[in-house]
Colleague: 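Here it is: the structure, laid out below.
Numbering of residues begins at 1 and proceeds along the displayed sequence. Just so it is clear, the model here is predicted, and its values are computed rather than measured.
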Amino acid sequence: MLGRPVRNRISSLKVPHDCLQPFAIRGCPRHRPCGGTSGIRRLMLTLHTISAGPVSLTDTDYPPLPEDLVWIDLHNPTQDEEEAVEAMLGLQVPTRQEMAEIEESSRLYEEAGALIMTVTLIDKATTNRPMRTQTTFVLTEQRLITVRYSDLMPFRAFEARQARQPEQYASSGVVFVALLESIIERIADLLEAAESDVGAISDLIFYPEATTQNSEEHSAEMRTLLLRLGRRNRMLAILRESLLGMNRLVLFARAAAPWIRNGTLQRLKAVERDLRSLSEHEARVEAEISYLQDATLGLINIEQNTIIKVFSIAAVLFLPPTLVGTIYGMNFEHMPELDWRIGYPLALVMMVVSASLPYWWFKKKGWL
């Protein structure tokens with residue numbers, strides 16, 4: 001494809017067997033080179049077949065692929081695993097850097113009869129800091145290759161179903177659509193959870209329980225609600241990006257994969273409809289979050305204005321008594337009131353009256 005960079009693969013170097021140390025990824029034993037030795041870890045791929053389900057390939061050579069192989073899942077692949085798949089299938093697997101490119105021509109394209117489709121998905125959605133992660137689907141008429149660098153729940157759920165009934169996923173198109181359906185189910189669950197949490201936040205904002213909270217505690221609760229809204233908004237931003245990317249992916253696959261037909265094509269059309277409905281639902285939840293953020297900030301501003309109003313009124317109330325005290329505190333030689341017997345009590349009465357009159361006026365106007 002024009003404009004796509006050509007990657008130069010570096011040949012794998014052999015290392016002594018005693019320098020390989022076992023470690024685990026996704027529960028599978030793997031090996032990596034120890035120390036600073038320039039080498040590769042022993043190859044291990046997960047192949048999903050029709051007859052036997054998942055099959056582990058642990059050899060540095062490239063044996064013949066099973067005839068009923070429909071899906072190769074590359075989870076955190078090394079360069080060696082990518083090279084193995086490319087050698088076995090004659091396809092070029094995108095690198096992690098290429099998967100991160102955002103232009104559509106680098107995410108959806110056809111190469112050597114295969115459809116290469118990259119989409120952004122959500123990872124760590126149940127934590128306070130959800131992350132974006134890219135997943136690539138390399139789809140041919142015979143096989144599907146997935147490349148991912150996160151342990152995503154939709155993939156785990158589909159792998160469990162496929163392992164129980166591998167015969168139901170007898171083609172790459174069926175596996176591809178089933179994976180999309182699993183991803184959509186996960187997005188729908190996250191949207192439902194977000195909507196429920198936003199509803200709970202709305203109740204806390206507009207229907208607070210009758211408590212004896214002071215102003216500081218109420219402000220702290222409002223700040224906490226703002227943080228919850230911000231985290232939900234971040235998650236929705238990632239989901240919105242996922243829905244947009246998946247919608248483009250489905251349209252591209254429908255137009256460029258003529259082997260997807262009959263029942264599989266109908267399921268793909270259903271996926272497209274689900275994506276539209278979820279996009280509308282996400283937009284509505286996002287609008288509600290935006291409204292709640294504005295409302296929370298407005299309530300915080302009202303509370304702060306009330307505090308400022310109290311200080312302003314206090315300043316006005318104490319201004320006349322301060323004026324009286326300032327006048328009689330001046331050190332002039334001739335001040336006849338200083339010689340009065342009732343001068344001091346009279347000054348105190350004047351201070352009280354000068355403070356009481358503004359207070360009465362504010363109460364009459366309803367400002368207190």
Side-chain angles (χ1 to χ4, degrees), residues 70-71 73 102 104-105 107-110 114-123 125 130 132-141 144-146 148 150 152-162 165 168-199 232-290:
V70 293
W71 176 29
D73 185 27
I102 61 174
E104 187 172 350
S105 60
R107 291 202 162 198
L108 302 172
Y109 61 93
E110 184 174 0
L115 306 183
I116 291 87
M117 300 166 285
T118 302
V119 65
T120 298
L121 300 178
I122 188 169
D123 187 26
R132 290 174 172 83
T133 183
Q134 284 71 40
T135 299
T136 293
F137 300 87
V138 180
L139 179 64
T140 67
E141 187 173 0
L144 170 68
I145 306 167
T146 54
R148 56 195 176 98
S150 296
L152 301 173
M153 183 178 292
F155 280 78
R156 296 199 305 268
F158 173 73
E159 285 175 351
R161 292 196 299 267
Q162 196 264 351
Q165 296 176 319
Q168 292 188 2
Y169 306 94
S171 68
S172 60
V174 172
V175 174
F176 172 67
V177 174
L179 276 172
L180 295 184
E181 291 172 343
S182 183
I183 294 172
I184 288 177
E185 290 176 4
R186 179 58 175 166
I187 293 177
D189 292 340
L190 293 176
L191 285 176
E192 291 171 1
E195 185 178 28
S196 177
D197 191 33
V198 169
R232 285 302 180 185
N233 189 64
R234 171 172 176 162
M235 186 182 76
L236 286 180
I238 300 176
L239 292 179
R240 181 169 61 253
E241 185 177 350
S242 297
L243 290 170
L244 179 61
M246 288 189 63
N247 188 64
R248 293 173 177 171
L249 181 149
V250 170
L251 293 176
F252 177 78
R254 283 185 56 188
W259 60 84
I260 298 180
R261 52 185 178 267
N262 301 330
T264 306
L265 180 59
Q266 295 304 316
R267 290 173 62 183
L268 190 60
K269 292 180 179 179
V271 166
E272 185 178 357
R273 292 193 298 269
D274 290 340
L275 288 171
R276 284 199 299 267
S277 64
L278 290 177
S279 297
E280 295 172 358
H281 191 81
E282 183 276 331
R284 186 179 63 80
V285 177
E286 182 187 7
E288 186 173 358
I289 287 179
S290 179

Colleague: Mind checking whether T120 and R107 have side chains closer than 4.5 Å, heavy atoms only?
Modeller: yes
Colleague: Would you say L108 and L251 make side-chain contact, with heavy atoms under 4.5 Å?
Modeller: no
Colleague: Between the side chain of S279 and the main-chain N/O of L275, is any donor-acceptor distance below 3.5 Å?
Modeller: yes
Colleague: Can you find a heavy atom in the side chain of V119 that is under 4.5 Å from one in the side chain of I183?
Modeller: no
Colleague: Less than 4.5 Å apart, side chain to side chain, heavy atoms only: is that true for E159 and D73?
Modeller: yes
Colleague: Would you check if L144 and F137 make a side-chain contact, meaning some heavy-atom pair closer than 4.5 Å?
Modeller: yes
Colleague: Using modelled atom types only, decide if a donor and an acceptor are shared between the side chain of R234 and the backbone of P130 within a distance under 3.5 Å.
Modeller: yes
Colleague: Check whether any side-chain N or O of S172 sits under 3.5 Å from a backbone N or O of V70 as a donor-acceptor pair, and report yes or no.
Modeller: no
Colleague: Report the distance from atom CD1 of I289 to atom CG of D197, rounding to the nearest 0.5 Å.
Modeller: 8.5 Å
Colleague: Looking only at heavy atoms, which two atoms of M117 and A253 are closest? And how far apart?
Modeller: SD-CB, 4.0 Å
Colleague: If you measure from CG on L243 to CG on L191, what distance do you get to the nearest 0.5 Å?
Modeller: 6.5 Å
Colleague: Assess the residue pair L239 and L236 against the criterion (side chain to side chain contact (heavy atoms under 4.5 Å, CB included)); give the C-alpha distance rounded to whole Å, side-chain angles, the decisive distance to 0.1 Å, and a yes or no.
Modeller: CA-CA 5 Å; L239 292 179; L236 286 180; 4.2 Å; yes
Colleague: Please check this pair: side chain of S182 against backbone of A178, looking for a donor-acceptor N/O pair closer than 3.5 Å.
Modeller: no
Colleague: Taking all atoms of both residues into account, what is the closest heavy-atom pair of R232 and A193, and its distance?
Modeller: NH2-O, 4.1 Å
Colleague: Hey, could you give me the OG1/CG distance between T135 and L152, rounded to the nearest 0.5 Å?
Modeller: 5.0 Å
Colleague: How long is the span from the CG atom in N262 to the CZ atom in R267, to the nearest 0.5 Å?
Modeller: 12.5 Å
Colleague: Start with the C-alpha gap between R273 and K269, add the side-chain angles, then the distance that decides, and say whether side chain to side chain contact (heavy atoms under 4.5 Å, CB included) holds.
Modeller: CA-CA 6 Å; R273 292 193 298 269; K269 292 180 179 179; 4.1 Å; yes
Colleague: Indicate yes or no: at least one non-hydrogen side-chain atom of I187 is less than 4.5 angstrom from one of M246.
Modeller: yes
Colleague: Just wondering, do V175 and Q162 contact through their side chains at under 4.5 Å, heavy atoms?
Modeller: no
Colleague: Tell me the closest heavy-atom pair linking A114 and T140, and the distance in Å.
Modeller: CB-CG2, 3.5 Å
Colleague: Output, in order, the C-alpha distance, side-chain angles, deciding distance and verdict of side chain to side chain contact (heavy atoms under 4.5 Å, CB included) for R148 and L121.
Modeller: CA-CA 10 Å; R148 56 195 176 98; L121 300 178; over 6 Å; no
Colleague: Below 4.5 Å, heavy atoms only, C-beta onward: do E181 and D274 meet side chain to side chain?
Modeller: no
Colleague: One pair to check against side-chain hydrogen bond (donor to acceptor under 3.5 Å, both in side chains): D123 and S150. What are the steps and the verdict?
Modeller: CA-CA 7 Å; D123 187 26; S150 296; 3.1 Å; yes
Colleague: Hey, is R284 close enough to E280 for a salt bridge, meaning N to O under 4.0 Å?
Modeller: no
Colleague: Pick out which of F176, F158, Y169 makes a ring-ring contact (aromatic ring centres under 6.0 Å, His included) with W71.
Modeller: F158
Colleague: Run through R276, E286, E195 and flag the one making a side-chain hydrogen bond (donor to acceptor under 3.5 Å, both in side chains) with H281.
Modeller: E195
